[in-house]
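Comments concern the structure below.
Note that ligands are numbered from 1 as they come in the structure, with each ligand's atoms numbered from 1 the same way.
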Amino acid sequence: MMGRKNKTLTILLMLALSVMLVIAGCGSSAGTTQEAAGADSAKVAEGTAADNSTAGTESADKEKEEATEATSGASEMVGYTPLDQLQERYDIVIIGGGGAGMTAALEAKAAGMNPVIFEKMEAAGGNTLKSSSGMNASETKFQKEQGIEDSNDLFFEETLKGGHDTNNQEMLRYFVDNSASAIDWLDSQGITLDNITITGGMKEKRTHRPTDGSAVGQYLVSGLVADVQEQGIPLFVNANVKEITQENGQANGVKVVFDGSEEKTISASAVIVATGGFGANQELIKQYRPDLEGYVTTNQPGSTGDGITMIEALGGTAVDMDQIQVHPTVNQEKSYLIGEVVRGEGGILVDKAGNRFVNEMDTRDNVTAAITKLDNRESYLIFDSGVKSRAKAIEQYAKMGLVQSGDTIEALAEEIGLPADGLKGTLDAWNESVADKKDAAFNRETGMDHDLSGAPYYAVKIGPGIHYTMGGVKINNNTEVLNTTGEAIPGLYAAGEVTGGLHGQNRIGGNSVAEIVIFGREAGVKAAEFVKANP
Ligand code: ADP
């Protein structure tokens, strides 16, 4: 038997390969318009993330095929459940194998249930796999150990401020109050997030990352997949749920298409919807936000809003659907997100003249608004070797060819085509601001622990991209799905990006991973309680 550590490592490697392949597909494939919610999985996989390119070339098609082949190889090695082990009935069906779905499954299993996870893509992970910053939590044991003074109230206030006072405050209270226990729970599952950084809109360090400071998504997903396997929870991939079935107003199973052809009806005593957001569904984006048509998306191709459509068909209701987060720092060619950690560890943003133009640590919506005003919505993220060593995610960006470098500031300026004087002057002024702990130009207050003086220097060209859909189905703190009159639909639960309300009009970086763990746990616990009470 492979030990837990080796198994996690193998899963990590295979998931990393899956991500790379999806990315390879995104960068070069045809910009097939994503089908509306409920799209057939094979088509969604072909469409890749809704990128901007339009030409469907032969070579692009070939790359897609290679990606598909290799990814399904990855699926086999990760060890998803073979179809011949499918049962006709489970206690709880969980739709979606991202962070929220796998977390819910683990809690449901711990409560003595027999849950199943159906994932429509070829690999588990969803958008969770791509998350980079970390998981926000307050009053955690790791913060205490590291002398970081934080409080749930401050976390509440800052998130509310970041969401422009539009967050569902009941959900937000539950969220902050259960954040530290979620960190402990992950730790007990072998997923340790003890390296703490800060994201935009926050005043305290509360963004928890893996010990080595690497991107949280791959580590979290590989850990959850290993736990799901260890617990013997069946996880079927290429399992596209099309409908949630109902009897006498109670959710009692799903209709699911396996491998793009065979539809089966699976019964259950409760259903948890954890299908993620709709950032890869261009039709829905256009419907709710015509101004965002044509923007690149950082989302994985399976994020098409299926859960929202299925829940609405059962009388559920959605909130904040037009609240779509555009991330300010996305590489446009590969639709790849450059995490906030680069700014949190000291990076700055400059325009084509080499000048700063915004408080880089302001909230995502404000930084995006500033970039949107620039020529071609184009900016450069500038950092030094110190930032590179502290923000491990940069290694991944470099491997993907997104990072340019120079041994001196002037050399970097030449490499990226900016005026050397402009960039040099900006860096000198910035380093003085760091030394004085005062940014007179833009009032930045965080991510200023280190200046930018360690050669070589680096740049990543960025612009805004659709990143996260804050709207979604309405739930209460028991994660019960609510109908239009605010009553719970019996047997139906939802957690994660598919739900709306927590973030209001603007999500703070690091709050989505916290959301999927906190509410994913609750969905598993509450669905199990429901099944026990209604066997
Ligand atoms: P969250 O962060 O809320 O967990 P993710 O995007 O990480 O969201 O995961 C959601 C998962 O649900 C994705 O892997 C996505 O492919 C999957 N999914 C979406 N729609 C369906 C569907 N109709 N059937 C099965 N899985 C789905």
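- Using the six-membered ring where Trp is involved, His327 and His467 have ring planes that are perpendicular, over 60° apart on the 30 and 60° scheme.
- A heavy-atom distance below 4.5 Å is found between the side chains of Ile196 and Gln143.
- Taking the six-membered ring where the residue is Trp, Phe118 and Tyr90 present perpendicular rings, their angle passing 60° and hence far from 30°.
- Ring centroids of Phe175 and Phe155 are separated by less than 6.0 Å, placing the two rings close together.
- Rounding to the nearest 0.5 Å gives a distance of 10.5 Å between CG of Leu172 and CD of Glu515.
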Polar pairs, ligand 1 vs protein, N/O only, below 3.5 Å.
| residue | atom | partner | partner atom | Å |
| --- | --- | --- | --- | --- |
| ligand 1 | 2 (O) | Thr128 | OG1 | 3.1 |
| ligand 1 | 3 (O) | Glu497 | N | 2.8 |
| ligand 1 | 4 (O) | Gly99 | N | 3.2 |
| ligand 1 | 4 (O) | Ala100 | N | 2.9 |
| ligand 1 | 6 (O) | Asn127 | N | 2.8 |
| ligand 1 | 7 (O) | Gly125 | O | 3.4 |
| ligand 1 | 7 (O) | Asn127 | N | 3.2 |
| ligand 1 | 7 (O) | Thr128 | N | 2.9 |
| ligand 1 | 7 (O) | Thr128 | OG1 | 2.5 |
| ligand 1 | 14 (O) | Glu119 | OE1 | 2.5 |
| ligand 1 | 14 (O) | Glu119 | OE2 | 3.1 |
| ligand 1 | 14 (O) | Gly126 | N | 3.4 |
| ligand 1 | 16 (O) | Glu119 | OE2 | 2.7 |
| ligand 1 | 16 (O) | Gln300 | NE2 | 3.1 |
| ligand 1 | 20 (N) | Asp306 | OD2 | 3.4 |
| ligand 1 | 23 (N) | Asn240 | OD1 | 3.3 |
| ligand 1 | 23 (N) | Val241 | O | 2.9 |
| ligand 1 | 23 (N) | Asp306 | OD2 | 2.8 |
| ligand 1 | 24 (N) | Val241 | N | 3.0 |
| ligand 1 | 26 (N) | Lys120 | N | 3.1 |

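- Below 30°, between 30° and 60°, or above 60°: for Phe258 and Phe236 the angle between ring planes is above 60°, a perpendicular geometry.
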